[in-house]
Amino acid sequence: MSNSTDELFKNVISHAKEYGFVFQSSEIYDGLSAVYDYGQAGVELKNNLKTYWWKAMVQMHDNIVGLDSAIFMHPTIWKASGHVDGFSDPMIDNKDSNKRYRADQLLEDRIAKLDEEGKTSEAEELQLEMDNALKAEDLPRLKELIIEQNIKCPVSGTANWTDVRQFNLMFSTQVGAIADESDTIYLRPETAQGIFVNYLNVQKSGRMKIPFGIAQIGKAFRNEVIARQFIIRMREFEQMEMQYFVRPGTQKEWFEKWKAARLKWHLALGTDEAKYRYHEHTKLAFYADAAYDIEFDFPFGFKEVEGIHSRTNYDLSQHEKFSRKKMQYFDPEVDPETGKPFGNYIPYVIETSIGLDRMFLLTMINAYEEEDLSTEEKQDSRTVLRLHPALAPVKAAIFPLTKKDGLPEKAREIMDALKLNFNLQYEEKDAIGKRYRRQDAIGTPFCITVDHQTLEDNTVTIRHRDSMAQERVPADQLEKIIGDLVSWKNLLG
Ligand code: GAP
């Protein structure tokens, strides 16, 4: 990370705290590693990101419906899905510092360093060796690579490593009051399984016909070996996932469609296309026959934000086997080749899975700007979050110019007429310029000032966040002016 990108990332993190977006969990107890809380501005931004996703996926598709399944599920689900046996990361400990690392991440850092030093062919060779070892689950080979590359623990500075071991990422807990009789259950590591086990409930009760999708937003939990990069790698996080059930043999076509549709969703926010790229998985998860990540260029490099996975009929077949309940769908459509209905089959599944917290961080980083406003006469600057207006936590701030002469009452009256439609903030403290800066810092698109003229002709000054231009408009036009700019139509219309 260069100094300026390092600086940018640090500034975004401190800005997120200072303005009520993200706090370290349990901060007064020195925090809980890799767990974060969203503050008053953060929860609004997060809710708006959820709404953007839900509208795009559910509301805009008449063959996609929502679901809200429980976090706790029958433990056999995780046996069937392969998570009990296969959902693990290779880890290694340094014997001198007692620090634990992910073996693949130590190697990835080394590859990035080789790349930075212009040793491209060495980097490519190491990447290939590592991919092969991961694919073959050859843990001794991963250790060999770490030793061969002379990778040292950043804390102890030594290469005194333990063997590489697999570390299961699922959190477990007990259900039932009596310890001896209680069962071990897991906190879900992905929301997708709640969709799989409910797919026939939704299909039958909703009379869904293939192809159809089920979408869900919810918490997922992973005991990540190492917490890294703020809200990029958390132990409790939120996913927005959609499983699209398709006829076997059509999965490739739907995979390509969803791959393109999901990138379009990201780009509609106005993000520079060069900041995104696709990354094809070489090491496929145990359930997938094709997988791409959508990666974003964070200050610390390109990182996965969303995965598009062709999950075959693996999960549904596994649940059929473990639950001994039929997971087949009856397709009444006639196959043009045979002239007969397609009949019974277990559908194939295309999954789109985006991490809400990573999307949140991406949005903050993208929007954050330290703008120099200096003129020849004076130095000046502001920090502004250029969020898409539909995502902005507060849509407009209402300021009485002073705290007297009936201006606060008039400002409150204007606010009352708008607050059902928009999230607003009322502020009367400090000079107007200071109040503008506070709103710029949380990305509020409009500041509305009520002054003495308002009392005479019911007009207000409206100041735009990005251009900082001000105009005088009748107060009764505010609903339309704000509504037009923050409308979801601008993103999804
Ligand atoms: N159901 C498929 C699945 O869970 P994944 O690639 O493991 O796939 C999907 O996760 C998305 O969830 C990732 O693209 C990432 O954005 C997010 N994610 C995964 N682990 C995370 C973590 N520890 N902290 C924050 N977000 C995470």
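Whatever order the structure lists them in is the order used to number ligands and atoms, beginning at 1.
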Q.
Quick check on K303 - does any of its heavy atoms sit under 4.0 Å from an atom of ligand 1?
A. no
Q.
Could you identify the single nearest non-hydrogen protein atom to atom 25 (C) of ligand 1 and state the distance to 0.1 Å?
A. I232 O, 3.1 Å
Q. Considering only the protein, which heavy-atom contact is closest to atom 2 (C) of ligand 1, and what is its distance?
A. E351 OE1, 3.0 Å
Q) Are F87 and W78 an aromatic pair by the rule of ring centers under 6.0 Å? A) no
Q: Take Q193 and H319 through the side chain to side chain donor-acceptor pair (under 3.5 Å) test and state the conclusion after the steps.
A: CA-CA 10 Å; Q193 295 303 325; H319 289 308; 2.8 Å; yes
Q. If hydrogens are left out, which of R222, E241, Q193 has an atom nearest to atom 5 (P) of ligand 1, that is, the closest non-hydrogen atom?
A. R222
Q | atom 6 (O) of ligand 1: the protein heavy-atom neighbour that sits closest, reported with distance to 0.1 Å | A | E304 OE2, 3.0 Å
Q. With ring centroids as reference points, do Y101 and W161 lie under 6.0 angstrom apart?
A. yes
Q) Hey, are K252 and E256 close enough for a salt bridge, meaning a charged N less than 4.0 Å from a carboxylate O? A) no
Q. At a 4.0 Å cut-off, with the gap strictly under it, does some heavy atom of V305 reach an atom of ligand 1?
A. yes
Q. Counting heavy atoms only, which of F296, F360, F237 is nearest atom 27 (C) of ligand 1?
A. F237
Q. Is ligand 1 less than 4.0 angstrom away from at least one heavy atom of D293?
A. no
Q.
What I want to know is whether P189 and ligand 1 share at least one N or O pair that is separated by under 3.5 angstrom.
A. no
Q.
Show me which atoms of ligand 1 lie under 4.0 Å from any heavy atom of E190.
A. 1 (N), 2 (C), 3 (C), 4 (O)
Q.
What I want to check is whether the side chains of N94 and T158 have a donor and an acceptor closer together than 3.5 Å.
A. yes
Q: Indicate yes or no: does R222 engage E190 in a salt bridge with an N to O separation below 4.0 Å.
A: no
Q) Can a salt bridge be assigned to the pair R382 and E371 using a cut-off of 4.0 Å between side-chain N and carboxylate O? A) yes
Q) Which protein non-hydrogen atom lies closest to atom 12 (O) of ligand 1, naming both residue and atom, and how far is it? A) Q239 NE2, 3.5 Å
Q: Assign the ring pair H61 / W258 to parallel, tilted or perpendicular, where the plane angle (0 to 90°) is split at 30° and 60°.
A: tilted
Q: Indicate whether any N or O donor in one side chain lies under 3.5 Å from an N or O acceptor in the other, for D183 and Q174.
A: no
Q.
Tell me the protein heavy atom at minimum distance from atom 9 (C) of ligand 1, and give that distance in Å.
A. S353 OG, 3.0 Å
Q: Check each of Q425, R465, Q40, E44 against I442 using the side-chain contact (heavy atoms from CB on, under 4.5 Å) test, and report the only one that passes.
A: Q425
Q | Shortest protein contact, atom 24 (N) of ligand 1 (heavy atom only) | A | M234 N, 2.8 Å
Q. Less than 3.5 Å between some nitrogen or oxygen of A192 and one of ligand 1, yes or no?
A. no
**Q.** Proximal ligand 1 atoms for R311, defined as those under 4.0 Å from one of its heavy atoms
**A.** 1 (N), 2 (C)
Q.
Any atom of ligand 1 sitting under 4.0 Å from a heavy atom of H309?
A. yes
Q. How close does the nearest protein non-hydrogen atom get to atom 17 (C) of ligand 1, and which residue and atom is it?
A. G355 CA, 3.6 Å
Q. Considering only heavy atoms of E306, which atoms of ligand 1 have at least one such atom less than 4.0 Å away?
A. 14 (O)
Q | Validation row, ring centre Y276 to ring centre H266 under 6.0 Å | A | yes
